[in-house]
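First the structure, in the form of structure tokens, and then the observations on it.
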Amino acid sequence: MEALNLSTTSSIEQTSIEHKWRRIQSRLRAELGEDVFTSWFGRVELDSCDGRVVQVSVPTKFLRNWLQSHYSDKLLACCGTELNGVNRLEFRVRQPHLAPVEKKPSATVAIAESAAPKTQTTPSSNVPLRVISTPVRDGRTGLEGFEGSPLDPRYTFQSFVVGSPNRLAHAAAFQVAESTPEQPLKYNPLYIHARVGMGKTHLLHAIAWEMKARNPNAKVLYLTAERFMYSFAEALQTRDAPAFKEKLRTIDLLIIDDMEFLQGRTFQQEFCHTLNSLIDGGKQVVVAADCAPLLLESFDARMRSRLSGGLVAEMSALDFDLRLKILQRRAAEKISLSRGFEVPGDVLEYLATQLTENGRELEGAITRLHATWQLTGEKVTVDAAENTIGDLIRSKEPKRVKIDDILRIVAKHYGVQRGDLLSSRRNQSIVRPRQIGMYLAKTLTSRSLPEIGRRFGGRDHTTVLHAIRKIESLKQADGVLKDELDSLSRMLKDGNV
């Protein structure tokens with residue numbers, strides 16, 4: 001079979017390959033869970049396929065090495081399912097690139113805020129905030145050979161859309177980014193929390209980009225919690241832990257994303273020591289997570305208290321006005337790159353009404369409409385939009401069950417404390433509800449076994465698997481238990497939590 005390179009194939013071939021790649025991504029998302037998929041596969045791109053070998057690219061050597069070590073078999077299996085005859089997988093590191101410079105948007109879209117403002121205004125005053133627009137080409141943070149997680153060049157303050165739900169977090173993030181060594185730190189640590197897709201990671205990347213642009217000599221380090229754990233574990237294996245700790249404690253700005261995934265007592269203790277050292281030394285720390293500090297149940301009380309000691313800023317659910325602004329901005333970006341592409345106002349309002357979950361949905365909807373227009377030439381209308389993004393409309397889908405809901409309803413139903421379900425207690429009165437909670441998490445959510453284990457007190461996937469099998473076995477012989485499980489499932493699906 002002739003090799004297919006996505007940069008040289010015809011539009012029909014490319015559409016077919018891209019469709020199969022999207023199906024591969026959907027399989028990975030379903031098998032690994034949304035959080036793991038986003039963390040490790042969000043920046044993986046399909047480059048080519050020659051019938052036997054699939055080549056994918058990633059932005060960093062670290063990500064390439066991690067995927068090769070931990071997920072290559074899983075990715076190859078998913079590729080083999082969708083691409084017949086594939087038996088080998090190759091990774092390459094692609095060169096970093098800059099986001100395209102925005103041009104003036106079409107008049108079809110009324111932009112509430114200009115696409116790339118030279119200045120921004122603080123939410124609480126009319127004092128202009130100067131945004132440094134000098135491009136920074138290095139997509140990494142780090143120091144002295146210690147590499148941070150990759151930064152996305154699209155995630156800057158210029159491209160962040162501000163509204164009521166995120167105004168406080170945005171203003172605080174910008175103040176952190178514009179601070180200088182001579183100024184006292186106002187918010188330390190800055191803790192930003194929100195559910196998935198609200199823009200936390202965007203703000204963290206924006207802080208790093210802005211700080212690097214304003215002060216190229218500043219020691220800035222951006223890490224995901226999983227990258228922090230991987231690096232510390234690697235340092236322990238090579239007996240380089242003291243040097244690792246010393247490097248972390250000399251930086252000027254430490255940014256940690258996905259704090260909820262920082263699991264394991266050793267890792268948490270080391271981060272706590274680093275946090276205390278940096279704050280006491282007058283260095284800035286910024287943290288993001290999916291919940292408030294006091295709800296990080298696997299962390300000890302001292303750590304939660306320390307994280308709460310600065311400014312805690314929540315990014316709440318996107319309201320209609322902010323959803324519309326985001327759609328207008330993303331549509332303007334596509335319009336600036338494609339002559340003739342237009343998104344009427346009624347289409348944007350339809351999308352803002354229907355897509356209420358998060359900003360990624362909104363961006364994905366505009367991307368789909370743009371791709372459909374490019375491939376078919378079909379004019380963008382409300383009917384066309386409805387057909388194109390029908391599967392994204394959450395109002396037509398069952399309620400998405402969350403593990404937090406499961407913990408809450410199981411604890412209430414069986415008369416135990418939520419903390420007991422996450423503890424190491426082995427009383428039968430605690431073990432059985434805990435196993436039922438794990439069983440419900442597996443049957444009602446898309447979370448992977450390791451993710452469920454982390455949410456149930458940091459247990460490993462074998463413990464979760466044992467619990468699931470145990471409950472499945474018991475419900476076959478125990479009609480009362482089966483009725484209880486059915487009742488709990490109905491309550492969770494109906495949202496009666």
task = Kindly check if the number of other-residue, nucleotide or ligand heavy atoms within 6.0 Å of CD (Q269) is above 12?
result = yes
request  = Report the distance from atom NE2 of H273 to atom CG of N276, rounding to the nearest 0.5 Å.
outcome  = 8.0 Å
message = Using 30° and 60° as the class boundaries, would you call the ring planes of H202 and Y155 parallel, tilted or perpendicular?
response = parallel
inquiry  = Looking at H70, I'd like to know if its NE2 atom is crowded, meaning that more than 12 non-hydrogen atoms belonging to other residues, nucleotides or ligands lie closer than 6.0 Å.
reply    = yes
query = Under 3.5 Å, is there a donor-acceptor pair between the side chain of N427 and the main chain of S429?
reply = no
note = Correct closest heavy-atom pair for A194 and M315 would be CB-O, 3.1 Å
task = Report yes if some heavy atom in the side chain of H413 is under 4.5 Å from a heavy atom in the side chain of M491; otherwise report no.
result = no
task = Could you tell me whether the side chain of T462 reaches within less than 4.5 Å of the side chain of L465, counting heavy atoms only?
result = no
task = Over all heavy atoms of both residues, which pair between D420 and R425 is shortest? Give the atoms and the distance, please.
result = OD1-NH1, 3.1 Å
key: Main-chain N/O of L362 paired with R323 side-chain donor or acceptor, under 3.5 Å   = no
message = I'd like to know if the side chain of T274 reaches the main chain of E270, judged simply by a donor and an acceptor atom lying under 3.5 Å from each other, with no hydrogens or angles considered.
response = yes
Contact summary for R426 and R434, nearest pair of heavy atoms = NH1-NH1, 4.2 Å
request  = Measure from the side-chain N and O atoms of T445 to the backbone N and O of K442, and report whether any donor-acceptor pair falls under 3.5 Å.
outcome  = no
query = Between the side chain of S489 and the main-chain N/O of L485, is any donor-acceptor distance below 3.5 Å?
reply = yes
query = Is the side chain of H205 donor-acceptor paired with the backbone N or O of D152 at a distance under 3.5 Å, no angle test?
reply = yes
request  = May I ask you to say whether R154 pairs ionically with E363, meaning some side-chain N is under 4.0 Å from a carboxylate O?
outcome  = yes
query = Are any of the side-chain heavy atoms of N166 and L203 separated by less than 4.5 Å?
reply = no
message = In the structure I gave you, are the side-chain heavy atoms of R265 and Q268 within less than 4.5 Å of one another anywhere?
response = no
inquiry  = Applying the side chain to side chain contact (heavy atoms under 4.5 Å, CB included) criterion to L311, which one of V176, I192, L190, N188 satisfies it?
reply    = L190
inquiry  = Would you compute the distance between atom CG of D319 and atom NZ of K325 and round it to the nearest 0.5 angstrom?
reply    = 8.5 Å
task = Answer yes or no: is there a donor N or O on one side and an acceptor on the other, between the side chain of D252 and the main chain of V220, under 3.5 Å?
result = no
remark   = Here the pair of heavy atoms bringing P293 nearest to S308 is CB-OG, 3.2 Å
ask   = Going by distance alone, is a donor N or O of one side chain under 3.5 Å from an acceptor N or O of the other, for D257 and T201?
value = yes
ask   = Can we say E90 and R92 salt-bridge, meaning some charged N sits less than 4.0 Å from an Asp/Glu carboxylate O?
value = no
task = Check whether any side-chain N or O of S305 sits under 3.5 Å from a backbone N or O of A301 as a donor-acceptor pair, and report yes or no.
result = no
query = Could D280 and R306 be called an ion pair, given the rule that one side-chain N must be under 4.0 Å from one carboxylate O?
reply = yes
Residue pair R432 / K470, side-chain heavy-atom distance below 4.5 Å = yes
request  = Could you check whether the rings of F160 and H170 sit parallel, tilted or perpendicular, using 30° and 60° as the cut-offs?
outcome  = parallel
message = Please list all pairs meeting salt bridge (Lys or Arg N to Asp or Glu O under 4.0 Å) that have one or both residues in residues 184-193, counting only residues at least two apart or in different chains.
response = none
query = Are the charged groups of D404 and R418 less than 4.0 angstrom apart, N to O?
reply = yes
Exercise: do N358 and R195 side chains pair donor with acceptor under 3.5 Å = no
task = Would you check if E210 and T156 make a side-chain contact, meaning some heavy-atom pair closer than 4.5 Å?
result = no
message = For a 4.5 angstrom cut-off between non-hydrogen side-chain atoms, does L151 reach Y222?
response = yes
query = F456 and I403: which non-hydrogen atoms are nearest, and at how many Å?
reply = CE1-CG2, 4.0 Å
Donor + acceptor pair across side chains of D460, T463 (<3.5 Å) = yes
query = Would you say Y439 and V410 make side-chain contact, with heavy atoms under 4.5 Å?
reply = no
note = Closest heavy-atom pair, A292 versus H193, reported as atoms and distance to 0.1 Å, is N-ND1, 3.6 Å
query = Should K482 and D478 count as an ion pair when the cut-off is N to O under 4.0 Å?
reply = no
